[in-house]
Amino acid sequence: MVVTGTDTGVGKTVVTAAIAAAAQAAGLRVAMVKPGQTGTATGEPSDADVVTRLADPATVRTIASYPEPLAPLAAARVAAAEPLELYAAVDAVREEADKHDLVLVEGAGGLLVPMGLRPSGEPWTIADLAVSLGAPAVVVSRAGLGTLNHTALTLEALDRRAVPAGVVLGAWPAEPELVHWANLSELVPTMVGAVPDGAGALEPGVFRRSAPGWLTPALYGVLDDWRAWADETS
(Lines give C-alpha, C1' and ligand atoms only; values in the text may rest on other atoms or scores of the structure.)
Protein backbone atom coordinates (compact mmCIF):
# COMPACT_ATOMS: atom_id res chain seq x y z
CA MET A 1 0.00 0.00 0.00
CA VAL A 2 1.46 3.33 -1.10
CA VAL A 3 0.93 6.36 1.14
CA THR A 4 1.14 9.60 -0.82
CA GLY A 5 -0.22 13.10 -0.35
CA THR A 6 -1.58 16.17 -2.02
CA ASP A 7 1.54 18.09 -0.98
CA THR A 8 4.38 18.09 1.51
CA GLY A 9 3.58 18.55 5.18
CA VAL A 10 0.08 17.06 5.00
CA GLY A 11 0.68 14.33 7.58
CA LYS A 12 1.78 11.32 5.49
CA THR A 13 4.17 10.00 8.13
CA VAL A 14 1.68 10.11 11.00
CA VAL A 15 -0.99 8.53 8.78
CA THR A 16 1.48 5.81 7.80
CA ALA A 17 2.13 5.18 11.50
CA ALA A 18 -1.61 5.09 12.21
CA ILE A 19 -2.24 2.50 9.48
CA ALA A 20 0.68 0.44 10.77
CA ALA A 21 -0.68 0.59 14.33
CA ALA A 22 -4.21 -0.35 13.26
CA ALA A 23 -2.98 -3.21 11.08
CA GLN A 24 -0.83 -4.58 13.90
CA ALA A 25 -3.77 -4.35 16.29
CA ALA A 26 -5.65 -6.47 13.74
CA GLY A 27 -2.90 -9.10 13.94
CA LEU A 28 -0.90 -8.28 10.79
CA ARG A 29 2.88 -8.27 10.50
CA VAL A 30 3.72 -4.85 9.06
CA ALA A 31 6.69 -3.27 7.31
CA MET A 32 7.22 0.39 6.45
CA VAL A 33 9.48 1.26 3.50
CA LYS A 34 10.62 4.82 2.77
CA PRO A 35 12.10 4.84 -0.76
CA GLY A 36 13.69 8.29 -0.52
CA GLN A 37 14.34 10.23 2.69
CA THR A 38 15.59 13.79 2.27
CA GLY A 39 16.62 16.51 4.72
CA THR A 40 18.84 14.28 6.85
CA ALA A 41 21.21 17.22 7.42
CA THR A 42 18.53 19.14 9.33
CA GLY A 43 18.91 16.93 12.40
CA GLU A 44 15.16 16.30 12.57
CA PRO A 45 13.90 12.74 13.18
CA SER A 46 13.48 10.87 9.91
CA ASP A 47 10.10 9.57 8.79
CA ALA A 48 11.30 6.08 9.67
CA ASP A 49 12.17 7.31 13.19
CA VAL A 50 8.69 8.79 13.62
CA VAL A 51 6.91 5.64 12.45
CA THR A 52 9.11 3.49 14.68
CA ARG A 53 8.36 5.64 17.73
CA LEU A 54 4.61 5.82 17.17
CA ALA A 55 3.79 2.35 15.79
CA ASP A 56 6.93 0.18 16.07
CA PRO A 57 6.17 -2.04 13.04
CA ALA A 58 8.10 -5.28 12.59
CA THR A 59 10.37 -3.72 9.95
CA VAL A 60 11.18 -0.11 9.09
CA ARG A 61 13.45 0.44 6.10
CA THR A 62 14.78 3.48 4.24
CA ILE A 63 16.24 2.71 0.82
CA ALA A 64 18.05 5.98 0.04
CA SER A 65 18.79 9.11 2.11
CA TYR A 66 19.98 12.55 1.06
CA PRO A 67 21.09 15.57 3.13
CA GLU A 68 19.09 18.41 1.58
CA PRO A 69 15.32 18.88 2.18
CA LEU A 70 14.41 18.68 -1.51
CA ALA A 71 12.56 16.27 -3.76
CA PRO A 72 14.56 13.01 -3.74
CA LEU A 73 15.86 13.27 -7.31
CA ALA A 74 16.89 16.90 -6.81
CA ALA A 75 18.47 16.05 -3.45
CA ALA A 76 20.48 13.24 -5.05
CA ARG A 77 21.77 15.58 -7.76
CA VAL A 78 22.73 18.30 -5.27
CA ALA A 79 24.60 15.71 -3.19
CA ALA A 80 26.25 14.24 -6.31
CA ALA A 81 24.78 10.91 -5.17
CA GLU A 82 23.39 8.04 -7.19
CA PRO A 83 19.64 8.59 -7.79
CA LEU A 84 17.34 5.80 -6.65
CA GLU A 85 16.49 3.49 -9.54
CA LEU A 86 12.82 2.52 -9.92
CA TYR A 87 13.30 -1.23 -10.04
CA ALA A 88 15.65 -1.18 -7.05
CA ALA A 89 12.73 0.33 -5.12
CA VAL A 90 10.31 -2.24 -6.56
CA ASP A 91 12.62 -5.11 -5.58
CA ALA A 92 13.09 -3.73 -2.06
CA VAL A 93 9.34 -3.49 -1.46
CA ARG A 94 8.68 -6.94 -2.89
CA GLU A 95 11.41 -8.36 -0.67
CA GLU A 96 9.56 -7.05 2.38
CA ALA A 97 6.20 -8.22 1.00
CA ASP A 98 7.53 -11.78 1.05
CA LYS A 99 8.05 -11.50 4.81
CA HIS A 100 5.11 -9.36 5.94
CA ASP A 101 1.32 -9.24 5.65
CA LEU A 102 1.32 -5.53 4.80
CA VAL A 103 4.02 -3.23 3.42
CA LEU A 104 3.39 0.52 3.68
CA VAL A 105 5.43 2.54 1.19
CA GLU A 106 5.61 6.20 2.17
CA GLY A 107 6.30 8.68 -0.60
CA ALA A 108 7.91 12.12 -0.46
CA GLY A 109 5.89 15.27 -1.05
CA GLY A 110 3.05 14.80 -3.52
CA LEU A 111 2.18 12.05 -5.95
CA LEU A 112 4.22 13.26 -8.93
CA VAL A 113 7.39 14.41 -7.17
CA PRO A 114 10.48 13.01 -8.98
CA MET A 115 11.87 10.22 -6.81
CA GLY A 116 14.75 8.92 -8.91
CA LEU A 117 15.54 7.58 -12.36
CA ARG A 118 14.39 4.68 -14.51
CA PRO A 119 16.99 2.56 -16.34
CA SER A 120 16.20 4.75 -19.38
CA GLY A 121 17.25 7.86 -17.46
CA GLU A 122 13.70 9.22 -17.16
CA PRO A 123 12.45 10.34 -13.74
CA TRP A 124 9.94 8.19 -11.86
CA THR A 125 7.32 9.09 -9.25
CA ILE A 126 5.43 7.40 -6.44
CA ALA A 127 2.57 6.98 -8.93
CA ASP A 128 4.92 4.95 -11.14
CA LEU A 129 5.97 2.86 -8.14
CA ALA A 130 2.33 2.11 -7.28
CA VAL A 131 1.71 0.99 -10.86
CA SER A 132 4.82 -1.19 -10.92
CA LEU A 133 3.85 -2.83 -7.64
CA GLY A 134 0.15 -3.16 -8.45
CA ALA A 135 -0.49 -1.48 -5.09
CA PRO A 136 -3.44 0.64 -3.95
CA ALA A 137 -2.83 4.16 -2.66
CA VAL A 138 -3.81 6.22 0.35
CA VAL A 139 -3.94 9.95 -0.39
CA VAL A 140 -3.31 12.12 2.66
CA SER A 141 -5.05 15.49 2.32
CA ARG A 142 -5.39 18.70 4.28
CA ALA A 143 -8.71 19.49 5.94
CA GLY A 144 -8.75 23.21 5.15
CA LEU A 145 -9.15 25.60 2.24
CA GLY A 146 -7.72 24.39 -1.08
CA THR A 147 -7.92 20.70 -0.33
CA LEU A 148 -10.77 19.88 -2.72
CA ASN A 149 -8.82 20.85 -5.83
CA HIS A 150 -5.56 19.24 -4.69
CA THR A 151 -7.32 16.05 -3.66
CA ALA A 152 -9.35 15.82 -6.89
CA LEU A 153 -6.21 16.28 -9.00
CA THR A 154 -4.35 13.58 -7.09
CA LEU A 155 -7.24 11.12 -7.27
CA GLU A 156 -7.68 11.80 -10.99
CA ALA A 157 -4.00 11.12 -11.63
CA LEU A 158 -4.28 7.81 -9.77
CA ASP A 159 -7.52 6.86 -11.52
CA ARG A 160 -5.92 7.43 -14.93
CA ARG A 161 -3.25 4.94 -13.89
CA ALA A 162 -5.88 2.45 -12.61
CA VAL A 163 -4.55 2.73 -9.04
CA PRO A 164 -7.37 2.34 -6.46
CA ALA A 165 -7.21 5.08 -3.83
CA GLY A 166 -8.87 6.39 -0.69
CA VAL A 167 -8.41 9.65 1.20
CA VAL A 168 -7.30 10.25 4.79
CA LEU A 169 -7.41 13.72 6.31
CA GLY A 170 -3.98 14.10 7.83
CA ALA A 171 -4.79 16.64 10.56
CA TRP A 172 -8.43 17.16 11.53
CA PRO A 173 -8.52 20.27 13.77
CA ALA A 174 -9.67 20.17 17.39
CA GLU A 175 -11.95 23.13 16.66
CA PRO A 176 -13.12 22.72 13.06
CA GLU A 177 -14.56 25.70 11.24
CA LEU A 178 -17.18 25.94 8.49
CA VAL A 179 -14.62 25.32 5.75
CA HIS A 180 -13.51 22.05 7.41
CA TRP A 181 -17.08 20.73 7.70
CA ALA A 182 -17.86 21.79 4.11
CA ASN A 183 -14.76 20.00 2.83
CA LEU A 184 -15.58 16.92 4.89
CA SER A 185 -19.02 16.65 3.32
CA GLU A 186 -17.45 16.74 -0.17
CA LEU A 187 -14.67 14.27 0.62
CA VAL A 188 -16.58 11.65 2.66
CA PRO A 189 -17.41 9.46 -0.40
CA THR A 190 -13.68 8.85 -0.93
CA MET A 191 -12.51 8.97 2.68
CA VAL A 192 -11.04 6.04 4.59
CA GLY A 193 -9.85 7.92 7.66
CA ALA A 194 -9.24 11.17 9.52
CA VAL A 195 -6.35 11.61 11.95
CA PRO A 196 -6.63 14.34 14.60
CA ASP A 197 -4.25 17.27 14.49
CA GLY A 198 -1.40 16.71 16.93
CA ALA A 199 -1.69 12.91 16.88
CA GLY A 200 2.04 12.64 16.23
CA ALA A 201 2.75 14.17 19.63
CA LEU A 202 0.76 11.53 21.52
CA GLU A 203 2.47 9.05 23.81
CA PRO A 204 3.09 5.93 21.67
CA GLY A 205 0.83 3.67 23.73
CA VAL A 206 -2.05 6.15 23.42
CA PHE A 207 -1.37 6.54 19.70
CA ARG A 208 -1.50 2.80 19.09
CA ARG A 209 -4.71 2.32 21.07
CA SER A 210 -6.38 5.29 19.34
CA ALA A 211 -5.31 4.65 15.73
CA PRO A 212 -8.02 2.08 14.81
CA GLY A 213 -10.68 4.65 15.70
CA TRP A 214 -9.32 7.10 13.14
CA LEU A 215 -9.49 4.66 10.21
CA THR A 216 -12.21 2.68 8.45
CA PRO A 217 -12.07 -1.12 8.03
CA ALA A 218 -10.44 -0.58 4.62
CA LEU A 219 -7.36 0.49 6.60
CA TYR A 220 -7.80 -2.06 9.41
CA GLY A 221 -9.66 0.40 11.65
CA VAL A 222 -13.09 0.42 13.24
CA LEU A 223 -14.52 3.77 12.07
CA ASP A 224 -17.69 2.78 10.24
CA ASP A 225 -20.10 5.72 10.63
CA TRP A 226 -18.99 9.20 9.53
CA ARG A 227 -22.16 10.82 10.92
CA ALA A 228 -21.49 9.40 14.38
CA TRP A 229 -17.83 10.44 14.07
CA ALA A 230 -18.85 13.98 13.13
CA ASP A 231 -21.28 14.18 16.07
CA GLU A 232 -18.54 13.01 18.42
CA THR A 233 -16.00 15.44 16.98
CA SER A 234 -18.33 18.40 17.19
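Nothing here was measured: the structure is a model prediction, and the numbers come from that model.
A distance of 11.0 Å separates CG of L158 from CG of L153, quoted to the nearest 0.5 Å. Within the model, atoms OG1 of T154 and CG of L112 stand 7.5 Å from one another, a figure rounded to the nearest 0.5 Å. The line from CD of E232 to CZ of R227 is 14.0 Å long, rounded to the nearest 0.5 Å. Considering CG of L129 and OH of Y87, their distance stands at 10.0 Å, rounded to 0.5 Å.
A distance-only check finds a donor-acceptor pair linking the side chain of Q37 to the backbone of D47 [under 3.5 Å]. The closest donor-acceptor contact from the side chain of S185 to the backbone of A182 lies under 3.5 Å. The backbone N or O of A55 sits less than 3.5 Å from a side-chain atom of Q24, completing a donor-acceptor pair. Checking side-chain atoms of K34 against main-chain N and O of G107 turns up a donor-acceptor pair under 3.5 Å. Of the possible donor and acceptor atoms, one in the side chain of R53 sits under 3.5 Å from a partner among the backbone N and O of G200. Listed for the T147 side chain is no donor-acceptor partner under 3.5 Å among the backbone atoms of A143. Within the 3.5 Å criterion, the main-chain N or O of S46 finds a donor-acceptor partner in the side chain of D49.
Connection of I63 to L70 is not established within any shared hydrophobic cluster, with ILVMFWY side chains joined at heavy-atom distances below 4.5 Å, either directly or through further cluster members. With hydrophobic clusters built from ILVMFWY side chains whose heavy atoms lie under 4.5 angstrom apart, W124 does not share a cluster with V113. No chain of hydrophobic side-chain contacts below 4.5 Å, direct or via other Ile, Leu, Val, Met, Phe, Trp or Tyr residues, connects V179 to W172. A chain of hydrophobic side-chain contacts below 4.5 Å, direct or via other Ile, Leu, Val, Met, Phe, Trp or Tyr residues, connects L187 to L155. Linking Ile, Leu, Val, Met, Phe, Trp and Tyr residues whenever their side-chain heavy atoms come within less than 4.5 Å leaves V103 and M32 in two separate clusters.
Residues H180 and L184 fail the side-chain proximity criterion, which asks for heavy atoms closer than 4.5 Å. Residues K99 and T59 form no side-chain contact, since every pair of their non-hydrogen atoms from C-beta on lies 4.5 Å or further apart. With contacts defined as side-chain heavy-atom distances shorter than 4.5 Å, the pair L117/L73 qualifies. Residues R61 and E96 are in side-chain contact: their nearest non-hydrogen atoms beyond the backbone lie under 4.5 Å apart.
Across all non-hydrogen atoms, the minimal contact from M115 to P35 is CE-CB, 4.0 Å. Residues R209 and P212 come closest through the heavy atom pair O-CD, 3.6 Å. The two residues A48 and T62 have their closest heavy-atom pair at CB-OG1, 3.6 Å. Residues T6 and S141 share a closest heavy-atom pair of CG2-OG, 3.5 Å. Between T40 and S65, the closest heavy-atom pair is CG2-CB, 3.9 Å. In terms of heavy atoms, G5 sits closest to K12 at N-CD, 3.6 Å.
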| said: Between W229 and T216, does the side-chain contact (heavy atoms from CB on, under 4.5 Å) criterion hold? Intermediate values first, please. | reply: CA-CA 11 Å; W229 173 87; T216 70; over 6 Å; no

Step-by-step side-chain contact (heavy atoms from CB on, under 4.5 Å) determination, R208 to D56: CA-CA 9 Å; R208 294 169 201 174; D56 194 25; 3.6 Å; yes

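By the neighbour-count criterion of 12 heavy atoms within 6.0 Å, atom CG of L148 is densely surrounded, having more than that number from other residues, nucleotides or ligands. In the displayed structure, E203 atom CD is contacted under 6.0 Å by more than 12 heavy atoms of other residues, nucleotides or ligands. Within 6.0 Å of CD in E95 there are more than 12 heavy atoms belonging to other residues, nucleotides or ligands.
The hydrophobic cluster around V140 extends to M1, V3, V10, V14, V15, I19, L28, V30, V50, L54, L102, L104, V138, V168, V192, V195, L202, V206, F207, W214, L215, L219, Y220, counting ILVMFWY residues whose side-chain heavy atoms fall within less than 4.5 Å of a member.
T125 and D128 form a side-chain donor-acceptor contact under 3.5 Å, judged by distance and modelled atom types alone.
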